[in-house]
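Can you keep this structure in mind? I'll have questions shortly.
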Amino acid sequence: MNESLVRMEDLFDNPTPRVPVALCLDCSGSMTGEPIEELNRGVKTFYDAVNADEIARFSAEVCVVTFGPVQLEADFATLDTRPKAPVLSASGATPMGEAVELALDCLDQRKKEYRNSGVDYYQPWLVLMTDGRPYGGSTATLDAQVNRVRALVDARKLTVFPIGIGADADMDTLQRFSPDRAALRLQGLNFSDFFSWLSKSVSRVSQSTPGDKVDLDVAGLRGWAQL
C-alpha cells in the first residue's frame, strides 16, 4: 500500500512524460548458477545507468516480472522513487504466458493512472527474455497473450524486444510475440551489454517528445546480440 501511494504521489509531484519499461524475465530452475548471477548484474547495470541519467531517472518507469514461478518483483515506478534493482533468484518452471499476462495487466493499470493524473507517456516497452520453452503454464494463456501483444504492437501501443538466452531458447515462440522485429539471441551471457544498450535507448526516448519516432540504435545490437 505504501509503495502504491508513493507511485500515485509521484505522478502529481513529477509530471514528466513517462517511459514505461516492463522486464519479463525467465528465472526458472535452468537459470540457476552463472545465468541468474549474470542476469542480476545486467539488471543492476540497467538501473544504475538510468539512475545516472538526469532525465531518464525521472521519466523511465520500470516493472520487473519473473517467471518460474510468476512473481511481480517490482511494479511500475520511476527509479527516482525506487532506485535499487530487485535481486532475482532461479527456481520453478517456465510459465511464459502467465508472466506476460501479469506484465501487461500492470501496464494497463499504470496507463490508467497516467491518464487520470494527466501525465503523458511514451510507447511502452516489453522485454521478454527466456532460456528455454514455455513449460508449466497454460497453452491457452500463452496463445491469448501472444495475440494480445501482437495487437498492441500492430496498433503502435507497444514495442517488444524478444531475447533468447543460450542455445536452448525457444526462438520460435519468442518470434510469435514480435510481428515486426526479429527475435534476437544473446551472445553467451552478455546481459550487461544488453541492459547497457537498453538504458541508452531509454535515455534517447526520454529526451524526445511523446509521439515522435525514435530510431533504435541498430548498430549497438552487435555488442550483445547474435546477428
Within the structure provided, determine whether Ser138 and Glu98 are in side-chain contact (heavy-atom separation under 4.5 Å). yes
Between Leu128 and Phe67, is any pair of side-chain heavy atoms under 4.5 Å apart? yes
Could Lys200 and Asp53 be called an ion pair, given the rule that one side-chain N must be under 4.0 Å from one carboxylate O? no
Phe76 pairs by side-chain contact (heavy atoms from CB on, under 4.5 Å) with which of Arg18, Gln109, Arg110? Arg110
For the residue pair Leu126 and Ala103, what are the closest heavy atoms and their distance? CD1-CB, 4.4 Å
Between Ser30 and Asp131, is any side-chain donor less than 3.5 angstrom from a side-chain acceptor? yes
Strictly below 4.0 Å, N to O, side chains only: are Arg82 and Asp10 in salt-bridge contact? no
Could you give me the CA-CA distance, side-chain angles and deciding distance for Cys63 and Leu107, then say whether side chain to side chain contact (heavy atoms under 4.5 Å, CB included) is met? CA-CA 8 Å; Cys63 169; Leu107 176 59; over 6 Å; no
Non-hydrogen atoms of Ser59 and Ser206 that approach each other most closely: OG-CB, 3.1 Å
Please examine the side chains of Leu39 and Leu25, heavy atoms only from C-beta on, and report whether any two atoms are closer than 4.5 Å. yes
Is the shortest heavy-atom distance from the side chain of Asp105 to the side chain of Glu101 under 4.5 Å? yes
Closest non-hydrogen atom pair, Phe58 against Thr78: O-CG2, 3.6 Å
So, for Tyr47 and Pro86, which heavy atoms are closest and what is the spacing to 0.1 Å? OH-CD, 3.6 Å
Just checking Lys111: does its NZ atom have more than 12 heavy atoms from other residues, nucleotides or ligands closer to it than 6.0 angstrom? yes
CE of Met31 to CG of Asn40: how many Å apart, nearest 0.5 Å? 9.0 Å
Let me confirm one number: the CD-OG1 distance from Glu61 to Thr16, rounded to the nearest 0.5 Å. 10.0 Å
Has Arg133 got more than 12 heavy atoms of other residues, nucleotides or ligands less than 6.0 Å from its CZ? no
Heavy-atom distance under 4.5 Å between the side chains of Gln145 and Met96, does that happen here? no
Using every non-hydrogen atom in the two residues, find where Asp120 and Pro210 come nearest and quote the distance to one decimal. OD2-CB, 3.6 Å
Is atom CG of Asp168 surrounded by more than 12 heavy atoms (other residues, nucleotides or ligands) closer than 6.0 Å? no
Within the structure provided, determine whether Val50 and Val62 are in side-chain contact (heavy-atom separation under 4.5 Å). no
What is the minimum heavy-atom distance between Cys106 and Asp75, and which atoms define it? CB-OD1, 3.8 Å
Yes or no on side chain to side chain contact (heavy atoms under 4.5 Å, CB included) for Ser89 and Ile36, after CA distance, side-chain angles and deciding distance? CA-CA 7 Å; Ser89 58; Ile36 198 69; 5.6 Å; no
Can you tell me which residue among Trp197, Phe177, Phe195, Phe194 is in a ring-ring contact (aromatic ring centres under 6.0 Å, His included) with Phe161? Trp197
Go through the side-chain N and O atoms of Gln207 and Ser203 and say whether any donor and acceptor fall under 3.5 Å apart. yes
Hey, could you give me the CD1/CZ distance between Ile165 and Phe191, rounded to the nearest 0.5 Å? 3.5 Å
